[in-house]
A.B. asks: 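Before I ask anything, here is the structure I am working with.
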There are 2 protein chains.
Amino acid sequence: MGTDSKPTINDVARVANVSKKTVSRVINKSPLLSDKTREKVEAVIKEIGFVPNMQARALALRRNFIIAAIHDNPNAQFLVNVQQGILEGIADTEFGLMVQPVDRNSPTIEADIRAFLERQRPYGVVLLPPISERDSLAELCREFDCRYVRMGSVQLDDAEHVVSSNDREAVRDAVTYLIDKGHTRIALIEGPEGFTSPRERRAGFEEAMERAGLELDESLIRPGSYTFESGVTAAEDLMAKGMNATAIFACNDEMAIGAMIACRRHGLRIPEDVSIVGFDDTPLSSHIWPSLTTVHWPIKQMALSAARKIIDPPGSPSQQDWLLPSTLIERGSVVPPT
Amino acid sequence: MGTDSKPTINDVARVANVSKKTVSRVINKSPLLSDKTREKVEAVIKEIGFVPNMQARALALRRNFIIAAIHDNPNAQFLVNVQQGILEGIADTEFGLMVQPVDRNSPTIEADIRAFLERQRPYGVVLLPPISERDSLAELCREFDCRYVRMGSVQLDDAEHVVSSNDREAVRDAVTYLIDKGHTRIALIEGPEGFTSPRERRAGFEEAMERAGLELDESLIRPGSYTFESGVTAAEDLMAKGMNATAIFACNDEMAIGAMIACRRHGLRIPEDVSIVGFDDTPLSSHIWPSLTTVHWPIKQMALSAARKIIDPPGSPSQQDWLLPSTLIERGSVVPPT
DNA sequence: GTCATTTTTGACACCGGTTACCCAATTAAT
DNA sequence: ATTAATTGGGTAACCGGTGTCAAAAATGAC
C-alpha cells in the first residue's frame, strides 16, 4: 500500500475494464446488467476496496443520504427514544441521522426549516410530535421533494407519511382496568391543550367511563402540561377541593409521578389510598416506589417504522402499517379501592 | 416567479457579469477581491436568492458541513444536553448535527467508525465521554483529517482537542461544604470503574477529606455504576452494615436519588437524618423532594465549546479555554448533622 | 443466415461548486 | 521610461458520481 488516496469509481472501471456507468449500475444494484459483468465488477470493488463517495452521489442525486429528525420537543427521554428507533431503522444502511430542533413559537420557523432542507437536503425527515401536526411542515417537505413521515397519535395523512399509536384505545384499556379493579371515582390529569395526543388520551378516558356507565365528574378533571410540576399542582388542587377519587389517571408519567409525590406529601399512601396510572412508560416509572402502572408508548418502534418508511421504496409493505399498539404495563401503583 | 429551479453560482456569475470563480471568492469571503466587485456580487446574490449548494461544496472540499456527535452513552438527559450545546454552538452557521452511537464493547467499533467517517465525512466530530477516552478514536479522526474534540473530565490531549470540567475540584468543594456544615462521617457512592470521571470525583472526595484532616473510612465507601439501582443498592448495603454516616456524597444524581429513596424506605429522614449531595444537576434533582443539593456539571457549555473549537479556525481564542467550572448548587438535601 | 427485437454496455454531458494556474491592470521601485 | 511587485479576476480542469441516449451484443423468429 503506497500513497493511495481512496479509490474512485474510475479506478474500478479501469481495472475491471468497463465504463464507469457500468460500475455505477453495479453499486446501485441496477437489474439491467448481466450477472457475469456484475460479478466481475464486484470482485474488483472488493479487491481494491472501493467505497462510493456519498458527497458525489449527493450532488448528482440532489439529496444526502441522511435522515433528519425535526422536533420541538424538550423531553430528553422521548427524543433519545426516537433517535434510537431511527438509528435502529437505518442500521446496516448507508444512512446517517441528523437532528434539527425548531422553535414552535418562532415566526420564522418555516423559513428556518426551509433553510435547513435547502442546505442539508436530507433524504427524508421524521417529524416528531407535537410539531408533526403542522401541515405546513409536511408541505415544505413535499416542496423540496424530500420524503417525510409524521409521528403522531392519529392518522393525519396517508399511511405512507404517518406512523402513530392508538393512544385512545390504550387509555380506554387502562381506565377500564381501573374500573375493573373496582374504582369508580377516577380523577384525570390532562395534557396541554391544542395538541392531538392529549385530546386522544382524554377521549379514551371518556370512552372508558361511558362504556362502564360511569358519569364524567368534571370536578375530578384537572388540566396539566405534561410536566412534573403540573402533575403536582393538579393533584394538590384535587386534594384542596377534598378529592374523593380513589384513582388518578395522568396523561403522562411525569405528571403521574408528580401527582404521586403530591399525594404522599399530603399523607395519602400509594396505592392503598390512591391508585395511579400514567402513560409513556419512561424508565423512571419503573424506578420509583411503588413502581408506576402505566401505558407503554411504543415511540421507539414508531421511529423505527418511520425510518423504514423513508428508506424503503414506495409500495413496500413497511409503507402500510402505520398504527402501533400502546399496551398497559401493570406494576405496583394500582390496587382495588379500600 | 416561473419554473425557476434554485439559482446556482453560474446564474449569479452571469447576472453579475463576472466569472463563477469570483462569485466563489465572494461566498468564501476571500480577501483578494475589490470592495466594488464584492458588493456588486453580493447584491446579485441577494437579488436572485442564491444559496450555495452544500453537496457541491462537500464534494469539492471532501467534507460535509456537518458535526457528528459520537457516543456510547445511554443517559438520555446527558445526550440531549450535549446535543443542545452543540446545536447552540452551530446556530447561525451552515453546519448541521449528526448523531452516531457506537457500541463500546463491539470488536468492530473502529471499523464502524471508520465506515461512518468515510461515508459521511463530517467536518468534525465531538467525542462524548466515556468513549472519548479511547485514543484510537481520536487517531481515526486524524487519519481522516477530520477535526475532533474530546469531552472529558481531565486533559487528555492538547487544548485544541479537549474540553472538560474540573470535576475533582468541584467534588472537593462539595464535600468541603458538607464538612463545613459539621459532617465528619461522610459516605461515598462511587461511579463505575475504569473511567476518568468517577476516578476524578473520588479523588476530589479524598482531597477534601484529607485537607480537613479527616480519615478516609473505607467502610463508608461503596461502588456504584451511575444507575439509580446501584444507588439504592449502595445505600441499602451501607444501612445493612449499620451505617453511621450523617451524609452521603454520590458521584451522580441518579445514584443520589436512589440512595435517598433507599434511606427513606428504611425510615431515615432526608435531610434531617442523612444529608445527600449528588453530581450532575439533572432536571430531576430539582423536582424531587427534598430537592437535591448537587454539583452542576456544565455539559451543555462543554458541548457548545467543543462545537466552536471545531468550526472556529485554528488559533482562535476558543481553542484555548478547555476547562469549564462545575459549581455547587445548594438546595434542600443538606443540613448540619443533629 | 437474415432481420427485427431485446438486452447490455458505453460516451458524454452534467450536478454545482473549488483549486491551480495564468493573464491584465495598477501601483511601486529603479 | 522601464521593470518589478501587487492586485483583481478569468480559464479550464477537477471533485466522484448519475442521467440520457445511442451503439453493440445477444436473442429469437422466420
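Letters go in sequence order (proteins before strands), and every chain restarts at 1.
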A.B. asks: Salt-bridged, B/Arg150 to B/Asp135, with N to O below 4.0 Å?
C.D. replies: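 A salt bridge is present here (some side-chain N lies under 4.0 Å from a carboxylate O).
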A.B. asks: Give a yes-or-no answer on whether the side chains of B/Gln83 and A/Gln83 include a donor-acceptor pair shorter than 3.5 Å.
C.D. replies: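 The answer is yes; a qualifying pair exists.
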A.B. asks: Okay, side chain of A/Arg63, backbone of A/Asp145: is any donor-acceptor separation there less than 3.5 Å?
C.D. replies: yes
A.B. asks: Is there a donor on the side chain of A/Lys20 or the base of D/dG16 sitting less than 3.5 Å from an acceptor on the other?
C.D. replies: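 Per atom types, no contact qualifies.
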A.B. asks: Nearest whole Å is fine: how far is C/dT18 P from B/Arg63 CZ?
C.D. replies: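 From B/Arg63 CZ to C/dT18 P: 14 Å.
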A.B. asks: Ignoring backbone atoms, establish whether A/Ser34 has a side-chain N or O less than 4.0 Å from OP1 or OP2 of C/dT7.
C.D. replies: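 So the side-chain polar atoms of A/Ser34 never come under 4.0 Å of the phosphate oxygens OP1 or OP2 of C/dT7.
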A.B. asks: Just wondering, do A/Arg25 and A/Leu32 contact through their side chains at under 4.5 Å, heavy atoms?
C.D. replies: yes
A.B. asks: Quick one: is D/dC15 close enough that its OP1 or OP2 comes under 4.0 Å of any side-chain N or O from A/Asn53?
C.D. replies: no
A.B. asks: Less than 4.0 angstrom between a side-chain N/O of A/Arg25 and OP1 or OP2 of C/dT9, yes or no?
C.D. replies: no
A.B. asks: Take A/Arg57 and B/Leu59, find for each the nucleotide of DNA chain D with the closest heavy atom, and name the residue whose nucleotide sits nearer the 5' end.
C.D. replies: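 By nearest-heavy-atom nucleotide position, the 5'-most residue is B/Leu59.
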A.B. asks: Under 4.0 Å between a side-chain N/O of B/Thr22 and OP1 or OP2 of D/dG10, yes or no?
C.D. replies: yes
A.B. asks: Would A/Phe65 and B/Arg119 count as a side chain to side chain contact (heavy atoms under 4.5 Å, CB included) if you check the C-alpha gap in whole Å, the side-chain angles of each, and the deciding distance to 0.1 Å?
C.D. replies: CA-CA 9 Å; A/Phe65 284 73; B/Arg119 265 207 287 275; over 6 Å; no
A.B. asks: Under 4.0 Å, counting only non-hydrogen atoms across every strand here, what does B/Val51 touch: a base, just sugar-phosphate, or nothing?
C.D. replies: sugar-phosphate
A.B. asks: Please give, in whole Å, the distance from C/dT18 P to A/Gln55 CD?
C.D. replies: 15 Å
A.B. asks: Nearest-Å distance, CG (A/Leu33) to P (D/dA25)?
C.D. replies: 16 Å
A.B. asks: Quick one: is D/dG17 close enough that its OP1 or OP2 comes under 4.0 Å of any side-chain N or O from A/Asn10?
C.D. replies: no
A.B. asks: Rounding to an integer number of Å, can you tell me how far A/Glu118 CD sits from C/dG17 P?
C.D. replies: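 Value for this atom pair: 11 Å.
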A.B. asks: Does OP1 or OP2 of C/dG16 have a side-chain N or O of B/Thr8 closer than 4.0 Å?
C.D. replies: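 Checking C/dG16 against B/Thr8, no side-chain N or O comes under 4.0 Å of OP1 or OP2.
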A.B. asks: Picking from C/dA11, C/dG17, C/dG16, which would you name as closest to the side chain of B/Ile9?
C.D. replies: C/dG17
A.B. asks: Could you state the NZ-C1' distance from A/Lys21 to C/dC14, rounded to the nearest angstrom?
C.D. replies: 12 Å
A.B. asks: Could you tell me how far apart B/Lys36 (NZ) and D/dG8 (P) are, to the nearest whole angstrom?
C.D. replies: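 Atom NZ in B/Lys36 sits about 11 Å away from atom P in D/dG8.
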A.B. asks: Counting only side-chain heavy atoms from C-beta out, which of C/dT18, D/dG10, C/dA11 sits nearest to B/Ser19?
C.D. replies: D/dG10
A.B. asks: In whole angstrom, what separates B/Arg62's CZ from D/dG17's P?
C.D. replies: 12 Å
A.B. asks: Taking 4.0 Å as the cut-off, does a side-chain nitrogen or oxygen of B/Ser24 come that near to OP1 or OP2 on C/dG17?
C.D. replies: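 Looking at the OP1 and OP2 atoms of C/dG17, neither is under 4.0 Å from any side-chain N or O of B/Ser24.
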A.B. asks: Could you give the CZ-to-P distance, from A/Arg14 to C/dG10, as a whole number of Å?
C.D. replies: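 It is 15 Å, rounded to the nearest whole Å.
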A.B. asks: Hey, does the side chain of B/Thr37 come within less than 4.0 Å of D/dG8's phosphate (OP1/OP2), counting only N and O?
C.D. replies: no
A.B. asks: Will you find, in the side chains of A/Ser318 and A/Ser316, an N or O donor that is under 3.5 Å from an N or O acceptor?
C.D. replies: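 A/Ser318 vs A/Ser316: no donor-acceptor pair found between side chains.
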A.B. asks: With DNA chain D as reference, determine whether B/Val18 or B/Arg121 sits nearer its 5' end, using the nearest nucleotide of each.
C.D. replies: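 Counting from the 5' end, the first nearest nucleotide belongs to B/Val18.
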A.B. asks: Looking at D/dG17, C/dG16, C/dT19, which one has an atom nearest to any side-chain atom of B/Ala60?
C.D. replies: C/dG16
